[in-house]
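Letters go in sequence order (proteins before strands), and every chain restarts at 1. Being a predicted model, the structure only gives us computed values, none of them experimental.
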Amino acid sequence: MKAGSNLERLLKSGQFTITAEFVPPATGDRGLIERQARYFKGHVDAVSVADNMGAVVGTASCAVSKALLDLGLEPIMSLVTRDRNRIALQSDLLGASLLGIRNVFCTTGDHQKFGDHPEALNVYDIDSVQLVNAVRGLSDSGKLLGGAVCDKAGSFFVGAAANPFGDPADLMILRLGQKVRAGADFIQSQPVFDLEKFGHWVQLAREEGLIEKCFILATVMPLRSAREARAINERRRGIEVSKEIIARLEGVPEPEQAREGLRICAEQIQALKEMKGVQGVHIMSAGREEVIPELIKESGLETARARD
Amino acid sequence: MIIAERKPIKELLEMLAGHDRVLLVGCKGCVTVCNAGGVREVGVLASALRIARRRQGRPIEIDEMTLDRQCEPEFISWLEEPLRENGYTAVMSAACSVGPQYIAERFDNVAVMPALNTKFIGGTLEHGVWAEFCRACGNCGIHNFGGLCPITRCSKGLLHGPCAGSSGGKCEVRPEVDCIWHLIYTRMKNLGQVDKLKALKPAKNWSGYWSGGVRRVVREDLTL
Ligand code: SF4
Ligand code: SF4
């Protein structure tokens, strides 16, 4: 056990693990965070707390992670390199360690053009691979990027993102390899809407010898409607919903599409559970945390959760 | 070269409010090549400003002059005589923003204003289209990326490959622009150098960039 987090323990024990994303609203109201937290508690193994997701201001991932910790949940603190330089990022990591946060998830973050402050200056001092590497260094030897060594820096279980659907496929595997070599313990994929393509990527990762070196969590996203699915495809930002899924959503009347979307997602979870090399799922509910308990129930994983 | 673009007439008219006798100064360097501030553009801009002011009922006198370069003090000194003799209250510089700053530092008694927006270090893509190629990070490393610059040409300056938003070879931030990582990868593959991309790159040293404070180059062998 490196970091000693619950997430690490679960993944290492070989259990199929469920994490879910929480996008903190912009609030100073602890009560609001607590009310949202009830959709996770007892349903998922860990909660990934977004860091100003989509470049829209939300309450700090570090603070919200601590609030979840206080409620007995297992937080994964996200950190993006868009807004903070290496000084601030490492400072936040030490702060997280002090608060008892043991899991971090490192990404570059969406460009601010897509957020609520499109006129902001961005930072991008380091990229996600370098951030993973910085967390690893801090975790393993207390070493900061500048060379100084801190006392009791704390250990982290480190996550990074991967895109199984980008082109060309070998470049996507090269990216995964970089993140694993930089020190990523677990990988969260882009949302999966095409199981076959995803399976192919897992296969390629296995051939590269990467599957044994990290835990793969497949991201799933319950869709609300065919319209939402088409909008995702139009945005073309690295996520693509397959024709089959759109056809299935279109096959039911509009008011029932959200229900169908949930069913599709639950089926995907079941299929992913059987996929070799996949160690869990990460639920991206896009701000609809309330669907999580039902989704877990529908996927048949509820009993497993309750048993723990 | 430095790519610049003329500011909208409306903004220039606002700057010139209250001035009735102005010298408009162009530059024969980069801004001539990118059609923003050469002899021709200075002529066109001066006429446009005169017409607009006449319409406003407050005519303006604008003299035109284009220097060989505005980024060298030697050429800026050519302005001394006209400024002394002709009673201008303002100089509008149609050069990259080095020009107006030199003029402002040299002449105490005139207002100085930029006619252009200095955009970036770039090149011509096709007639009338220019693109950015270098952020002047002060420490060029493009040999590691097949001779292409991810610091400038990736919207996030990524050094380890494309973000998830790269799609169809285009950048998610500006879909009219190629995702440079797509080009880098294709090129490295052709060169048989993909392994070079696999290597982890240390956090970049930005101290040669603006982050290190205002930059200077000193060549001891050339200083007097
Ligand atoms: S590496 Fe630096 S100097 Fe070289 S092209 Fe890119 S920004 Fe310019
Ligand atoms: S799409 Fe390509 S160029 Fe644009 S930010 Fe992502 S990696 Fe960089």
Side-chain angles (χ1 to χ4, degrees), chain A residues 55 80-82 85-86 89-90 107-114 118 122-134 136-137 144-146 160-168 170-183 189-191 208 219 233 235-240, chain B residues 135 137 139 141 144-146 149-190 192-212:
Chain A
V80 302
T81 64
R82 176 195 59 234
N85 67 7
R86 63 193 82 177
L89 288 165
Q90 294 179 104
T107 59
T108 309
D110 292 307
H111 194 271
Q112 76 278 5
K113 176 188 166 180
F114 302 108
N122 58 37
V123 179
Y124 297 124
D125 173 21
I126 57 175
D127 66 17
S128 54
V129 174
Q130 291 164 340
L131 178 58
V132 167
N133 204 234
R136 187 80 284 146
L144 294 171
L145 286 175
N163 181 11
F165 310 106
D167 269 335
D170 42 354
L171 177 56
M172 298 303 119
I173 293 295
L174 185 152
R175 291 274 287 147
L176 176 66
Q178 286 171 334
K179 292 186 176 182
V180 169
R181 267 176 291 119
S189 74
Q190 284 283 99
E208 279 291 305
T219 296
N233 287 355
R235 253 185 283 140
R236 290 180 29 129
R237 288 184 38 208
I239 315 180
E240 200 184 326
Chain B
R135 268 210 267 162
C137 76
N139 188 8
N144 294 315
F145 306 101
C149 177
I151 290 184
T152 308
R153 299 174 66 191
C154 164
S155 298
K156 298 176 186 170
L158 304 178
L159 295 181
H160 290 90
C163 74
S166 171
S167 141
K170 295 293 172 189
C171 174
E172 65 166 358
V173 180
R174 289 183 176 266
E176 71 277 16
V177 166
D178 290 324
C179 167
I180 196 64
W181 271 105
H182 195 81
L183 300 186
I184 292 173
Y185 187 66
T186 308
R187 196 163 146 72
M188 294 298 259
K189 220 170 165 174
N190 292 340
Q193 292 185 0
V194 167
D195 278 350
K196 222 168 158 178
L197 290 183
K198 289 186 184 162
L200 299 186
K201 322 270 176 313
K204 186 171 169 71
N205 175 356
W206 290 109
S207 66
Y209 188 54
W210 183 70
S211 293

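- When atom types are taken as modelled, the side chain of Glu172(B) and the backbone of Arg235(A) share no donor-acceptor pair closer than 3.5 angstrom.
- In this structure, the separation between CG on Asn133(A) and NZ on Lys201(B) is 12.0 Å, given to the nearest 0.5 Å.
- No side-chain donor-acceptor contact under 3.5 Å links Asp127(A) to the backbone of Leu158(B).
- Neither the backbone nor the side chain of Asn85(A) comes within contact range of chain B, judged by heavy atoms closer than 4.5 Å.
- Contact count against chain B (heavy-atom pairs under 4.5 Å) is highest for Leu171(A) among Leu171(A), Thr107(A), Ile126(A), Asp167(A).
- A donor-acceptor pair under 3.5 Å is formed between the side chain of Gln130(A) and the backbone N or O of Pro202(B).
- Contacts between Arg86(A) and chain B at a heavy-atom distance below 4.5 Å involve the side chain alone, from C-beta outward.
- Once rounded to the nearest 0.5 Å, the distance linking OG of Ser167(B) with CZ of Phe165(A) reads 13.5 Å.
- Residues His160(B) and Lys179(A) fail the side-chain proximity criterion, which asks for heavy atoms closer than 4.5 Å.
- Each of Val123(A), Thr81(A), Asp170(A) has some count of heavy-atom pairs under 4.5 Å with chain B, and the biggest count is that of Asp170(A).
- The distance from the CE atom of Met172(A) to the OG atom of Ser166(B) is 6.5 Å, given to the nearest 0.5 Å.
- Comparing Asn163(A), Leu131(A), Leu145(A), Leu174(A) by heavy-atom pairs within less than 4.5 Å of chain B, the highest count is held by Leu174(A).
- No donor-acceptor pair closer than 3.5 Å links the side chain of Lys156(B) to the backbone N or O of Arg82(A).
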